[in-house]
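We count ligands from 1, going down the list as the structure has it; atoms in each ligand are counted the same way. The chain is numbered in sequence order, starting from 1.
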Amino acid sequence: MIIETAQRTRQTSEYYFSVKLAEVRKLMAEGHDIINLGIGNPDMMPSENTLAALNEAVHRPNAHGYQPYVGIPSFREAIADHYARTYGVTLNPTTEILPLIGSKEGITHISLTFLDPDDEVLVPELGYPAYRAVSQMVGAVVKEYPLRENYGWQPDWEAMAALLTPRTKIVWLNYPHMPTGAPATRELFEQAVAFAQSNKVLLCHDNPYSLVLNKKPPVSLLSVPGARDVAIELNSMSKSHNMAGWRLGWLAAEKPYVDAILKIKSNVDSGMFQGLQEAAAVALQNSDEWHRQRNAVYEGRLEAAEALLTTLGCTWDKSQEGMFLWGKLPETTSSAENLINTLLTEKHVFIAPGFIFGPKGQRYIRLSLCTPKERIWEAVERVKGQRGNGEKR
Ligand SMILES: Cc1ncc(COP(=O)(O)O)c(C=O)c1O
């Protein structure tokens with residue numbers, strides 16, 4: 001006998017990558033050489049200073065106990081410094097920053113804190129799948145707001161206004177945008193804040209890509225006047241500091257928002273290892289040169305990824321930021337799913353199909369830049385059919 005799961009489990013599907021990567025691992029275990037251009041999992045190292053700080057903490061006898069629910073002061077202070085230096089935003093490190101076990105978990109804490117069953121949440125019709133999944137898990141009603149494909153995937157504010165009801169509580173926003181790579185602009189953030197203020201909704205901005213292949217200085221939504229009344233910003237060490245597996249992020253907001261979220265979070269987890277937080281504080285001081293070098297590596301990979309898109313007959317927008325390349329499939333490709341499966345099984349190249357980010361992604365694919373450029377060039381050759389699929393390496 002199997003005890004039945006809750007309604008929420010029955011209506012939730014396992015995360016696409018959780019399922020698909022199991023398939024990829026199976027192929028690898030069978031000895032196939034898979035080039036994984038699917039998930040955005042940075043393959044480069046954190047800075048040397050970061051590693052040294054972690055190493056030092058690991059050997060300190062008093063570093064292994066539970067830590068404060070609000071994170072250690074030096075991590076919060078480093079985040080506040082980082083916000084001041086990077087975005088020109090002043091945050092009080094004691095009251096306006098809440099460290100998180102990655103920004104993904106922040107989506108759950110925010111949703112549990114602000115949403116009652118049947119409250120409504122507006123999510124972008126293309127976006128990080130967790131906004132939708134978590135909103136549904138807490139019993140909220142999800143409505144997708146349109147993005148204007150021909151206007152750089154910007155939100156369609158008029159169409160969004162038409163979706164509002166008295167129950168609309170949260171609007172999720174994410175620029176630089178994943179998966180389309182649409183950049184963040186101050187103008188867009190000003191429009192978002194005006195929208196949230198006039199409609200009395202909470203604007204949750206997810207900002208993990210602002211330092212990756214950005215063409216202009218990075219922007220925080222919190223730099224817009226008035227944002228703090230209506231906005232929470234999530235940020236993360238995962239992509240910008242090559243620390244995805246360390247699970248370190250934070251949210252920044254006015255004290256009442258932070259206090260409310262802490263009520264929930266402190267009942268769910270017990271924070272992070274002191275050494276991880278100390279090392280993250282060090283990482284946040286990485287030099288501009290360190291960030292430039294990381295981006296230079298991604299630039300080199302971008303060239304190879306563009307060649308792969310060309311080989312597949314795709315078109316793409318050159319203004320993209322972040323660590324992916326979003327390409328539109330040619331008319332001649334009948335189905336993204338078939339293409340992805342054929343590339344995986346016949347060429348041993350794994351690419352993410354656009355539909356996992358929302359139905360509007362049906363005719364798109366997303367390449368991750370988290371693989372050495374030589375491997376991406378090899379993928380190009382495999383797809384062109386000039387080389388085998390790596391079996392005999
Ligand atoms: C838009 C977006 N938000 C959040 C996350 C999660 O980041 P973290 O590692 O901080 O949980 C990702 C990860 O891929 C992402 O693409």
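- Salt bridge R382/E346: absent, no basic N to carboxylate O contact under 4.0 Å.
- In summary, E190 and R186 do not engage in a salt bridge, as defined by a charged side-chain N under 4.0 Å from a carboxylate O.
- Protein heavy atom in closest approach to atom 16 (O) of ligand 1: Y209 OH, 2.6 Å.
- Given atom 2 (C) of ligand 1, the protein heavy atom at minimum distance is D206 OD2, 3.4 Å.
- Neither the backbone nor the side chain of Y175 has any atom closer than 4.0 Å to an atom of ligand 1 (non-hydrogen atoms only).
- Side-chain polar atoms of E233 and S220 form a donor-acceptor pair below 3.5 angstrom.
- Only the side chain of M178 comes within 4.0 Å of ligand 1, counting heavy atoms alone; its backbone N, CA, C and O stay farther away.
- Ligand 1 does not have F324 within reach: every non-hydrogen atom of the residue lies 4.0 Å or more from it.
- Within the 4.0 Å heavy-atom cutoff, P208 counts among the residues contacting ligand 1.
- Considering only non-hydrogen protein atoms, atom 7 (O) of ligand 1 sits nearest to S103 OG, 3.2 Å.
- Of all protein heavy atoms, the one closest to atom 6 (C) of ligand 1 is Y128 OH, 3.4 Å.
- Sorted by first and then second residue, the pairs that involve residues 201-222 and meet ring pair (Phe, Tyr, Trp, His ring centres under 6.0 Å), not counting sequence neighbours, are F189-H205, Y209-F324.
- The shortest contact between atom 9 (O) of ligand 1 and any protein heavy atom is with S238 OG, 2.6 Å.
- Protein heavy atom nearest atom 14 (O) of ligand 1, with residue, atom name and distance: K239 NZ, 2.8 Å.
- Taking only non-hydrogen atoms, the option from R247, M323, E105 nearest to atom 11 (O) of ligand 1 is R247.
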